[in-house]
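Structure, as structure tokens:
As the structure lists them, so they are numbered: ligands from 1, and atoms in each ligand from 1. For reference, positions follow the sequence shown, starting with 1.
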Amino acid sequence: MDFNGSDTRSAPIPGPRTEDRLPHTAQAAVKIVIVGGFGVGKTTMVGSVSDIRPLTTEETMTQAGIGVDDNYGSDTKTATTVAMDFGRIGITEKLVLYLFGTPGQERFWFLWNRLFEGALGAVVLVDTRRLEVSFDVMGRLEERGVPFIVAVNSFPDAPRHPVEELRTALDLAEDIPIVECDVRRRASSKDVLLTLMRFLHSLALSGALV
Ligand SMILES: Nc1nc2c(ncn2[C@@H]2O[C@H](COP(=O)(O)OP(=O)(O)OP(=O)(O)O)[C@@H](O)[C@H]2O)c(=O)[nH]1
Ligand SMILES: [Mg+2]
């Protein structure tokens with residue numbers, strides 16, 4: 001890149017790629033956040049379900065992070081989100097969701113409140129090996145008045161619990177949906193988003209969504 005300010009011949013800034021343009025049928029767009037603890041699969045979910053190439057802010061986890069960063073599962077995980085993930089999916093011809101994945105490392109949690117601003121709803125991604133992180137996550141969403149559903153990302157070596165046991169363990173209200181998913185699969189991630197949209201719709205109908 002040429003940083004010489006006197007050079008007026010620099011290449012024009014490229015416009016949006018054709019495939020990134022909003023479909024002309026789109027009439028409404030809503031913001032959804034994907035939130036959860038370290039390494040639960042937020043970036044994977046945004047990447048698997050997005051219609052456009054997702055924007056990610058992943059940094060390689062290095063020796064420098066030892067003792068500072070969480071390291072659960074880091075034998076297989078080499079990168080972590082430091083700001084956010086961004087993607088987009090058309091749920092119907094008219095409705096488009098903008099997806100914002102949050103960073104999971106505790107030292108970046110201060111960014112969450114900004115990411116929650118203007119969000120219509122959230123997906124709390126849960127790993128059953130580390131349920132305790134979810135309390136912080138759900139507490140923050142409740143404080144901000146962002147309705148959420150819980151999606152259990154089923155890692156192969158994670159313990160399986162019946163949904164009602166999970167509901168009790170997470171101290172979740174009866175009406176909050178809990179779904180199982182494999183965020184590596186687009187269809188599974190899309191099902192999670194559809195569940196959230198149905199939940200938000202039912203809240204709107206009951207007058208609980210203001
Ligand atoms: N086996 C299995 N691996 C998964 C699944 N979902 C994600 N992974 C893997 O688990 C790792 C964690 O995924 P990420 O998407 O980076 O998790 P994250 O929540 O964005 O992580 P942070 O941004 O660091 O908090 C990646 O190596 C994924 O390939 C799953 O459902 N099953
Ligand atoms: Mg991530």
### Query
Do any of the N/O/S atoms of Thr80, backbone or side chain, fall under 2.8 Å from the Mg ion (ligand 2)?
no

**Prompt:** Between Val40 and ligand 1, is there a nitrogen or oxygen pair with a distance under 3.5 Å?
**Reply:** yes

Closest to atom 24 (O) of ligand 1 among protein heavy atoms sits Thr80 OG1, 2.5 Å

Counting both backbone and side chain atoms, is some N or O of Pro103 under 3.5 Å from an N or O of ligand 1?
-> no

Distance col, row Met84:CE vs Phe108:CZ, nearest 0.5 angstrom, shows 14.0 Å

Handout entry: N, O or S from Thr43 under 2.8 Å to the Mg ion (ligand 2)
Key = yes

The closest protein heavy-atom partner of atom 31 (O) of ligand 1 is Asn153 OD1, 2.8 Å

min-distance protein heavy atom vs atom 23 (O) of ligand 1 -> Thr81 OG1, 2.9 Å

For atom 3 (N) of ligand 1, the closest protein heavy atom turns out to be Phe155 CE2, 3.5 Å

A student checking ligand 1 against Val183 at a 4.0 Å heavy-atom cut-off should list atoms 6 (N)

Taking only non-hydrogen atoms of Phe38 and a 4.0 Å limit, the atoms of ligand 1 in range are 24 (O), 25 (O)

of all protein heavy atoms, closest to atom 13 (O) of ligand 1 is Thr44 OG1, 3.3 Å

Q) Can you find a non-hydrogen atom of Gly39 under 4.0 Å from ligand 1? A) yes

min-distance protein heavy atom vs atom 11 (C) of ligand 1 -> Lys77 CD, 4.2 Å

for atom 17 (O) of ligand 1, nearest protein heavy atom and its distance come out as Gly41 N, 3.1 Å

Looking only at protein heavy atoms, what sits closest to atom 30 (C) of ligand 1 is Arg184 NE, 3.4 Å

Under 4.0 Å from one or more heavy atoms of Lys42, ligand 1 contributes atoms 15 (O), 17 (O), 18 (P), 19 (O), 20 (O), 21 (O), 22 (P), 25 (O)

To the nearest 0.5 Å, atom CZ of Phe116 lies from atom CG of Leu141 at 4.0 Å

In ligand 1, the atoms that come under 4.0 Å of a heavy atom of Asp182 are 30 (C), 31 (O)

